[in-house]
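Take a look at the structure below.
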Protein chains: 2
Amino acid sequence: MSSQPLPHSLPQKNINTHLIEIKDYFKIAISVDCVIFGFDENELKILLIKSDLDQFRGKWSLLGDIVRTDEDPDDAAYRVLLTRTGIQDLYLEQVQAFGKPGRHPAGRVVTIAYYSLINIRHSILKNLDNELHWHPVKKIKQMAFDHKEIVDACYARLREKLKDHPVGFNLLPRKFSLRELQNLYEAILAVKLDRRNFRKKIMSMGLLIDLHEMEDDVPHRPAKLYKFNEDAFQKQENSYLGIDD
Amino acid sequence: MSSQPLPHSLPQKNINTHLIEIKDYFKIAISVDCVIFGFDENELKILLIKSDLDQFRGKWSLLGDIVRTDEDPDDAAYRVLLTRTGIQDLYLEQVQAFGKPGRHPAGRVVTIAYYSLINIRHSILKNLDNELHWHPVKKIKQMAFDHKEIVDACYARLREKLKDHPVGFNLLPRKFSLRELQNLYEAILAVKLDRRNFRKKIMSMGLLIDLHEMEDDVPHRPAKLYKFNEDAFQKQENSYLGIDD
């Protein structure tokens, strides 16, 4: 198209189009890091482990591991989750890759971050290794490596998703009250919400099923219990949210 | 917490918590691949380049490259964009890392995919290297490597974002008609939309500024021109989309 080649139009040798000395580049390690959210005592928490590495002694770290030679990173993330918590039927969403040179003291390690939402009262978690602790997200200041940056990115992704998807339901027990649901939204979004408006909005989303049961064993006046309406949610996902109704 | 250690509670040596023989793992190369969307002739298109690698001769490939030794992957993505198209003031969003073993014939290469939205009529693009071509997304069947899978993931991310964010505006000229905007939504969502409903919805979003100008040089009846209302959009982003109004 151009008679005088501009710098950006010179043929570029790269790995997609031409053979290059790619063997010079196989020098990076890949890891996965899992940001595992739970909801407890009206606080959003993350499951962390203490780091024993010299540079980060005493600092908290995410659950993660190196990706093995013939392992897909997604599989590594599920492996970490299973090995550390015993849980396997959980969805891990890949969020972002963090590859700044120097992020890991041992050398060039690019990590892929995933997040998951756990019901903190899941029976399997009662047998958690005592090296692991749940930490309130808002109380996390310093962490090993760049894990605080990773937590921030995954937390932002969760807040973003919550605006349009009822992801929060995964953090609650199967049956929950509107108060619990509002506490959850407030914990994730880090804002106080007006009770009447919240209930109106949530009910209008059509994603709750009234179980015609009341809470029991609570210190306050028992409230109605609801559960998540998966079918209604699926139907909504398949429409273009207002554009074609 | 448990007197009998369960498999998942055995102390696990991994790179976050203990020193391991990490040097055995520095064997992977990292690349970036850019899915660059443009909108032309009422079709959503992607900028591709022909692959010359033996295995993929004649197949189309994404614009991408190896990440250099001391380079952040995000910087590599911008470098690829600048070197190939001359464009630098463009936002690249990281979408996903693809790390299946065997995805690249030259060895273990984990690639990080980004997407961007370009106004195809951007003046700089007039000088595009003639190795590069715009391809309608729906006509792309086979590509080099796993690039079709990467395109699918980025296209899904674009459709997802479009539901709640006016990302489409980046693909249009600064001034556009409602017809052009609807054509764009239809191209991205791959559906036909009802004209009256679309206009009602779009106007109700409050994100358009009526320029009080008409199209010119068009084969049909000239329509009104609008532009994107950035300020209104920012205000909306800062509210929780209905939860706290």
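Sequence lines set the chain letters: A, B, ... in the order given, protein chains first and strands last, and positions in each chain run from 1.
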Worksheet, complete the sentence: Under 4.5 Å to a heavy atom of chain B? For A:Gln96 that would be both
Worksheet item: Which salt bridge (charged side-chain N to carboxylate O under 4.0 Å, His left out) pairs, counting each pair once, include a residue from residues 92-105 of chain A, with sequence neighbours left out?
Response: A:Glu93-A:Arg157, A:Glu93-A:Lys161, A:Arg103-A:Asp146
Response to the item:
Closest heavy-atom pair, B:Tyr25 versus A:Ile66, reported as atoms and distance to 0.1 Å, is CD2-CG2, 3.4 Å
Item to complete: State whether the number of non-hydrogen atoms from other residues, nucleotides or ligands found under 6.0 Å of B:Arg57 atom CZ is greater than 12.
Response: yes
Item to complete: Write out, in numerical order, the residues from residues 72-79 of chain B with a heavy atom short of 4.5 Å from a heavy atom in chain A.
Response: B:Asp72, B:Pro73
Worksheet item: What's the spacing between B:Ile28 CD1 and A:Ile28 CD1 if we round to 0.5 Å?
Response: 8.5 Å
Practice prompt. Let me know if A:Asp24 has heavy atoms under 4.5 Å from chain B in its side chain, its backbone, both or neither.
Written response: neither
Worksheet item: So do A:Val67 and B:Arg108 actually touch side chain to side chain, heavy atoms under 4.5 Å?
Response: yes
Practice prompt. Examine whether an atom of A:Ala106 lies under 4.5 Å from a heavy atom of chain B, and if so say whether it belongs to the side chain, the backbone or both; otherwise answer neither.
Written response: both
